[in-house]
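Beneath this line is the structure, given in structure tokens, with notes to follow.
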Amino acid sequence: MNDTFLENRASKPTKDELRNVFAEAYRLGLEAAPEGRVADYIPELAKADPGAFGIYMLDGNGESISFGDVSTRFSIQSVAKVIILAVALKYRGFDETFSHVMMEPSGDSFNSILKLDLRSNLPFNPMINAGAIQTVSLLADEFGFDDLMGFARELCMDPNIVLDEAVYNSEHDTGDRNRAIVYLLKSKGVLMADPEKTVDLYFKLCSLSVNARSLAALGLVISNGGVNPFTGRNWIEPDHVRTIKSLMFTCGMYDFSGQFGVKVGVPGKSGVGGGMVCAARGPMGIGLYGPSLDPYGNSIAAVKAMEHLSEKLNLHVFDYL
Ligand code: GLN
């Protein structure tokens with residue numbers, strides 16, 4: 001560990017040193033990509049290039065470092081859950097939001113229905129499908145897709161985010177498990193809006209097209225206490241940021257969250273489109289794109305790259321207590 005940039009090191013890494021660490025993270029990620037598999041349960045996602053990988057770092061001064069495939073657009077998928085939660089906290093508040101969804105890691109896969117049926121009336125947390133769908137139902141009567149896409153554009157500092165129609169149609173045609181979840185929530189009497197309207201909005205939010213830079217910007221806002229450092233706009237209240245980061249840390253990688261927490265230790269959120277957002281200290285946002293996934297549904301290249309970055313840059317949250 002003596003070649004890490006320790007907190008107590010007199011000087012911060014130079015831009016060149018930082019660049020070299022990111023270059024190596026990119027190389028390791030690229031090397032790991034063939035070990036994973038592109039998601040195919042949403043047929044449109046199967047068209048992604050399994051070898052693709054990109055990494056984009058954006059800091060609070062507007063400095064960036066990027067390698068690889070950072071301009072390709074892909075569907076945000078479960079990274080949208082972070083935005084959905086941020087909107088719910090902003091417009092419904094903490095108490096109301098968490099009277100409709102819990103804040104416990106589920107230990108199950110992202111689309112599991114088991115514990116929701118057997119153990120609880122409320123979904124375990126907003127970072128799994130059931131919890132995100134439930135959270136969307138809190139918003140669906142007040143906000144339409146265009147409003148929510150507007151929030152995503154703002155949080156990701158990306159006016160070019162649009163609906164990826166092909167992915168949306170593919171999800172819509174094959175999303176029966178998510179329909180099962182929404183109707184189960186309805187049958188339990190906890191869903192807060194019409195089930196078809198809710199699940200359709202959820203499909204659309206998963207189909208927002210982003211790139212690695214959009215996710216880096218989202219990570220930067222979260223890492224910067226909810227403030228966009230370039231406009232000064234405080235989009236997310238500081239105590240809501242704390243909640244979002246906590247849930248990203250404990251639940252953001254589904255049933256791999258514990259391992260990611262130990263090995264990487266940075267609040268992050270992945271999606272089956274291959275995207276990952278990480279909110280690292282600095283402030284620093286890291287956006288990654290690698291559509292080859294591990295068995296849990298996380299980008300295998302992104303996980304590998306983040307392990308390297310965390311070790312070399314001392315990013316683990318418990319390294320700087
Ligand atoms: N749209 C996907 C689904 O609902 C999102 C899942 C994910 O990214 N893990 O299955």
Side-chain angles (χ1 to χ4, degrees), residues 36-48 73-85 101 105-114 116 123-137 140 145 148-149 152 161 163-185 195-196 198-210 212 214-215 218 247-248 250-257 260 268-278 287-303:
R37 286 198 52 208
V38 167
D40 57 8
Y41 76 100
I42 299 169
E44 193 62 25
L45 298 183
K47 295 182 180 167
R73 291 217 165 239
F74 55 91
S75 55
I76 190 168
Q77 297 298 336
S78 278
V79 181
K81 293 174 167 100
V82 173
I83 298 170
I84 294 164
L85 176 60
V101 61
S106 72
D108 290 332
S109 58
F110 62 85
N111 56 6
S112 178
I113 220 158
L114 274 177
L116 175 61
F124 268 63
N125 67 74
M127 298 290 138
I128 53 171
N129 288 17
I133 291 170
Q134 171 75 346
T135 309
V136 167
S137 85
F145 172 67
L148 294 166
M149 181 166 65
I161 290 178
L163 177 71
D164 183 328
E165 300 267 356
V167 172
Y168 165 64
N169 289 331
S170 194
E171 284 222 40
H172 184 271
D173 292 347
T174 58
D176 293 331
R177 180 169 276 266
N178 288 321
R179 288 193 185 88
I181 289 173
V182 85
Y183 280 99
L184 185 58
L185 290 166
E196 288 301 329
T198 299
V199 79
D200 189 61
L201 193 49
Y202 170 77
F203 290 146
K204 284 187 172 145
L205 292 170
C206 289
S207 307
L208 291 171
S209 76
V210 293
S214 340
L215 298 187
L218 174 62
L247 286 164
M248 288 168 77
T250 53
C251 312
M253 304 289 154
Y254 323 110
D255 40 340
F256 184 74
S257 300
F260 193 83
K269 182 76 202 82
S270 64
V272 291
M276 183 185 288
V277 57
C278 288
L288 306 104
Y289 168 60
S292 278
L293 308 180
D294 66 17
Y296 306 95
N298 305 308
S299 167
I300 202 157
V303 169

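Indexing begins at 1, ligand by ligand and atom by atom, following the structure's order.
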> When you look at Thr250 and Ser257, which way does the side chain to side chain contact (heavy atoms under 4.5 Å, CB included) test go after all the steps?
Replying inline: CA-CA 6 Å; Thr250 53; Ser257 300; 5.9 Å; no

>> Looking only at the side chains, is there a donor atom on one of Asn129 and Tyr254 sitting less than 3.5 Å from an acceptor on the other?
In response: no

> So which pairs with a foot in residues 289-303 pass salt bridge (charged side-chain N to carboxylate O under 4.0 Å, His left out), sequence neighbours left out?
Replying inline: none

>> Rounded to the nearest 0.5 Å, what separates atom OG in Ser170 from atom OH in Tyr41?
In response: 10.0 Å

Show the short N or O contacts, below 3.5 Å, that ligand 1 makes with protein N or O atoms; if there are none, say 'none'.
unit_1   : atom_1 : unit_2 : atom_2 : d
ligand 1 : 1 (N)  : Gln77  : OE1    : 2.5
ligand 1 : 1 (N)  : Glu171 : OE1    : 2.8
ligand 1 : 1 (N)  : Glu171 : OE2    : 3.1
ligand 1 : 4 (O)  : Asn129 : ND2    : 3.0
ligand 1 : 4 (O)  : Asn178 : ND2    : 2.8
ligand 1 : 4 (O)  : Tyr202 : OH     : 2.8
ligand 1 : 8 (O)  : Ser78  : N      : 3.0
ligand 1 : 8 (O)  : Ser78  : OG     : 2.7
ligand 1 : 8 (O)  : Val272 : N      : 2.8
ligand 1 : 9 (N)  : Ser78  : OG     : 2.9
ligand 1 : 9 (N)  : Tyr254 : OH     : 2.7
ligand 1 : 10 (O) : Tyr41  : OH     : 2.6
ligand 1 : 10 (O) : Asn129 : ND2    : 3.3

>> Could you work out, with ring-ring contact (aromatic ring centres under 6.0 Å, His included) as the rule, every residue matching Tyr296, not counting sequence neighbours?
In response: Phe256

> In chain order, what residues pass the ring-ring contact (aromatic ring centres under 6.0 Å, His included) check against Phe260, with sequence neighbours excluded?
Replying inline: none

